[in-house]
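Everything below concerns the one structure shown next.
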Amino acid sequence: VAMAVNESGSKGYIVGLGHQSYTGADTGVTYLPIVMSSTDGGDTWSSPTQLSISALVRTALGVTWNPTCGWELSATVDQNGNLHILTSVSRSLYSFDTLASGASNMALVDIVTDGLTVLSVKKLGNPNSYRGLIGLSTTGQLTSDLRPCASRNLNGDKLFFNWFETQSSLSSSNNKPDWWMAAYDVASGIYTTARNMTAGTAMEGKIIFGSAASHVLSITLPNGSTDYEVPVTYTALGAAGSLADSVFHKYLQGGKINSS
């Protein structure tokens, strides 16, 4: 479940993943966004609305299979008051506890809604794997998925979509994740290409249990452009790589994208 509000706090949304109805375009056992909205600062809320995503997801991904949302989501509200839901979608296996993984079966998407209908769906990336085991099998392991995090600037006219995915060259499972990001300019409707922010750096494959802040830092440069820096944190394991040892919570500084 995720909650997001606009900058004034007057308009907000609560969104979760589930299934209220098995009729219509979204048949079968699948997870769909279910949204409640408020326009009075949270004093009152609408009834839950199940969003129909199948047709727009198929178009965005260029597939014919029946989609289901993954088990994680994040959300933010843009300057127009629309909700952006960052989540994964995959080919439905008609099971509540199984997802089809692999780049041909899964995508990270931005689902845009006014709380009643889906306005658009944009494919952001195609993760090679969804879940990984972190730690040593001898001392206990924890699972880690894509961990989507939606961020925005204060005005809500620039949005940033973050997730933590492992390159296929490093591992076949999501146990050596990098930080990935795509950005969106609300006024122009333009998305950037998703970028691996930690590839080729000392932090490549080490952004374990990553998380990005809900708001970004805006830095005006002498040339008039703006750098947007996304605050990201992650967990660093000890030298042995064991979860039984002390771990370190670290801040990843310098992850920026320029307005130009």
Under 3.5 Å donor-acceptor, S151 side chain and H215 backbone: no
Members besides V230 in its Ile/Leu/Val/Met/Phe/Trp/Tyr cluster (side-chain heavy atoms under 4.5 Å): F160, F164, W179, M181, M197, M203, I207, V216, Y228, V232, Y234, L252, I257
Nearest atoms (heavy-atom pairs only) where G12 meets W45: O-CZ3, 3.6 Å
Distance, nearest 0.5 Å, that separates NZ of K256 from OG1 of T226: 12.0 Å
Residues that Y184 engages under ring-ring contact (aromatic ring centres under 6.0 Å, His included), provided they are two or more places apart: H84, Y191
Straight-line distance of L108 CG to K122 NZ, nearest 0.5 Å: 13.0 Å
Exercise: identify the closest heavy-atom pair between L217 and P231: CG-CG, 4.3 Å
ring-ring contact (aromatic ring centres under 6.0 Å, His included) contacts touching residues 98-120 (sequence neighbours left out): none
Pair K176 + E204: basic N to acidic O under 4.0 Å: no
Between CG on residue L170 and OG on residue S168, distance to nearest 0.5 Å: 8.0 Å
Distance-only criterion, 3.5 Å: show the donor-acceptor pairs between side-chain atoms of residues 96-103 and protein atoms not counting sequence neighbours.
residue, atom, partner, partner atom, Å
D97, OD1, S95, OG, 2.7
T98, OG1, S95, OG, 3.4

Nearest heavy atoms of S54 and N66, plus distance in Å: OG-OD1, 3.6 Å
Remaining members of the apolar cluster that contains I190, side-chain heavy atoms under 4.5 Å: none
Point-to-point distance, once rounded to the nearest 0.5 Å, from CD of E72 to CG of L146: 6.0 Å
Side-chain hydrophobic cluster, 4.5 Å single linkage: members besides F209: I134, L142, I208, L237, L243, V247
Residues in side-chain hydrogen bond (donor to acceptor under 3.5 Å, both in side chains) contact with N126, at least two apart in sequence or another chain: K123
N-O pairing of D185 and K158 below 4.0 Å: yes
Contacts of type side-chain hydrogen bond (donor to acceptor under 3.5 Å, both in side chains), residue N155, not counting sequence neighbours: none
Residues clustered with L221, ILVMFWY side-chain links under 4.5 angstrom: I219
Stepwise side-chain hydrogen bond (donor to acceptor under 3.5 Å, both in side chains) check, N174 with S129: CA-CA 6 Å; N174 196 15; S129 59; 4.6 Å; no
Those residues that, when tested against R195, pass salt bridge (Lys or Arg N to Asp or Glu O under 4.0 Å) (two or more places apart): none
Qualifying residues under side-chain hydrogen bond (donor to acceptor under 3.5 Å, both in side chains), relative to D145, sequence neighbours excluded: R131
Residues which pass side-chain hydrogen bond (donor to acceptor under 3.5 Å, both in side chains) with W163, listed by chain and number, not counting sequence neighbours: E165
